[in-house]
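In what follows, a single structure is set out as structure tokens and then discussed.
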Amino acid sequence: MDIAGFHMLLQNESTLVSTHTAVIQATSQAIQAHGGLSTPFAGDKVLAFWNIRNLHSDHAARCVAAAQELQQATHKLGLVVRLACTGGPTTFGSMGTKTQRAFTVMGPCVPRGLVLQKLAKLIPFGILVDHAIYSQINISTQCRLALVLPLGEGKVEQAYEVIGGLQQADDEWMYQLKEKVLFCK
């Protein structure tokens, strides 16, 4: 999750704690309501994951539903959030040293999510999903191809915009985007 203007929010001490608490509450509620878990917050960053404690065949759809719910809840707070949903095999558990441990998730979908989150931050999309999520979600969740990311060695990753989010790109902008090549390292 990325909150647009989060650094400006930090400068307003009178509303910082109440706004951040409201965001944490909305985020936690959205994730938990759809059967997900999350790591502790780091500023406006949080990593949520599904299929860890309870297996759900619709875990991808649950992730997207949580993202949509979170986007609507934060919009009511006057905030714009951009989110990325990625899928794939992961390793999870309590990791770290003897003195500093945390429950976390690692795997190829985690850095892919960071890439999509950065792109969602730079491009006016609300929610981006990778092909792994797109291929698993219900047809009733409408998506459109948004980006093709070069991965090297002739491989590409497709990213899709979830239609119905609050920050939809217009079709003219999408056409112009197709004329450009975006690289993200």
Side-chain angles (χ1 to χ4, degrees), residues 1-4 6 23-24 26-53 55-56 58-74 79-96 102-138 141 143-152 155-169 177 182-185:
M1 172 176 69
D2 171 66
I3 299 173
F6 185 72
V23 169
I24 290 172
T27 303
S28 298
Q29 285 176 351
I31 293 166
Q32 291 171 8
H34 296 281
L37 300 171
S38 66
T39 59
F41 283 76
D44 65 338
K45 307 294 185 249
V46 64
L47 176 63
F49 36 91
W50 278 257
N51 266 9
I52 301 293
R53 286 191 186 150
L55 299 180
H56 299 282
D58 63 343
H59 60 278
R62 289 170 176 262
C63 176
V64 173
Q68 290 175 311
E69 184 176 315
L70 174 57
Q71 190 180 55
Q72 291 177 4
T74 53
L79 301 171
V80 174
V81 296
R82 296 178 183 98
L83 305 147
C85 301
T86 60
T90 58
T91 300
F92 62 92
S94 180
M95 300 179 200
F103 184 83
T104 193
V105 175
M106 296 182 352
C109 61
V110 176
R112 192 167 54 245
L114 293 173
V115 169
L116 288 183
Q117 182 187 15
K118 286 179 184 179
L119 291 172
K121 188 177 185 178
L122 299 172
I123 302 170
F125 293 150
I127 302 168
L128 289 177
V129 300
D130 70 353
H131 189 73
I133 296 292
Y134 173 76
S135 65
Q136 295 179 50
I137 57 178
N138 188 316
T141 303
C143 297
R144 65 177 168 192
L145 181 62
L147 303 168
V148 178
L149 307 170
L151 300 177
K155 297 179 182 177
V156 295
E157 170 75 32
Q158 295 174 334
Y160 301 84
E161 174 192 16
V162 176
I163 304 298
L166 297 173
Q167 290 80 36
Q168 291 185 18
L177 179 63
L182 297 176
F183 293 91
C184 192
K185 295 182 179 183

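Since the structure is predicted, the reported quantities are computational estimates derived from the model, not experimental observations.
- The two residues V129 and L116 make their nearest non-hydrogen contact at C-CD1, 4.0 Å.
- Atom CE of M106 and atom CG of L47 lie 11.5 Å apart (nearest 0.5 Å).
- Going from atom NE2 of H34 over to atom CG of D58 covers 10.5 Å, rounded to the nearest 0.5 Å.
- Residues that satisfy the side-chain hydrogen bond (donor to acceptor under 3.5 Å, both in side chains) test with S94, not counting sequence neighbours, are R101.
- How far OH of Y134 is from SG of C85: 15.0 Å, rounded to the nearest 0.5 Å.
- G113 approaches A84 most closely through the heavy-atom pair O-CB, 3.6 Å.
- Nearest heavy atom pair, residue W50 against residue G36, reads NE1-N, 3.2 Å.
- The distance from atom CD of E69 to atom CD1 of I31, rounded to the nearest 0.5 Å, is 10.0 Å.
- Listed by first and then second residue, the salt bridge (Lys or Arg N to Asp or Glu O under 4.0 Å) pairs that reach into residues 108-117 are R112-D130, sequence neighbours excluded.
- With values rounded to the nearest 0.5 angstrom, T90 atom OG1 is found 4.5 Å from I52 atom CD1.
- Residue V46 comes nearest to S38 through the heavy atom pair CG2-CB, 3.8 Å, listed as atom of the first residue, atom of the second, then distance.
- Y160 and H131 have tilted rings, their planes meeting at an angle from 30° to 60° on a 0 to 90° scale.
- Expressed to the nearest 0.5 Å, how far CG of L83 lies from CD of Q68 amounts to 10.0 Å.
- In this structure, F92 has no ring pair (Phe, Tyr, Trp, His ring centres under 6.0 Å) partners at least two apart in sequence or on a different chain.
- Contact between A60 and Q136 at its shortest, heavy atoms only, is CB-CB, 3.6 Å.
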Worked verdict on F49 versus C109 for side-chain contact (heavy atoms from CB on, under 4.5 Å): CA-CA 11 Å; F49 36 91; C109 61; over 6 Å; no
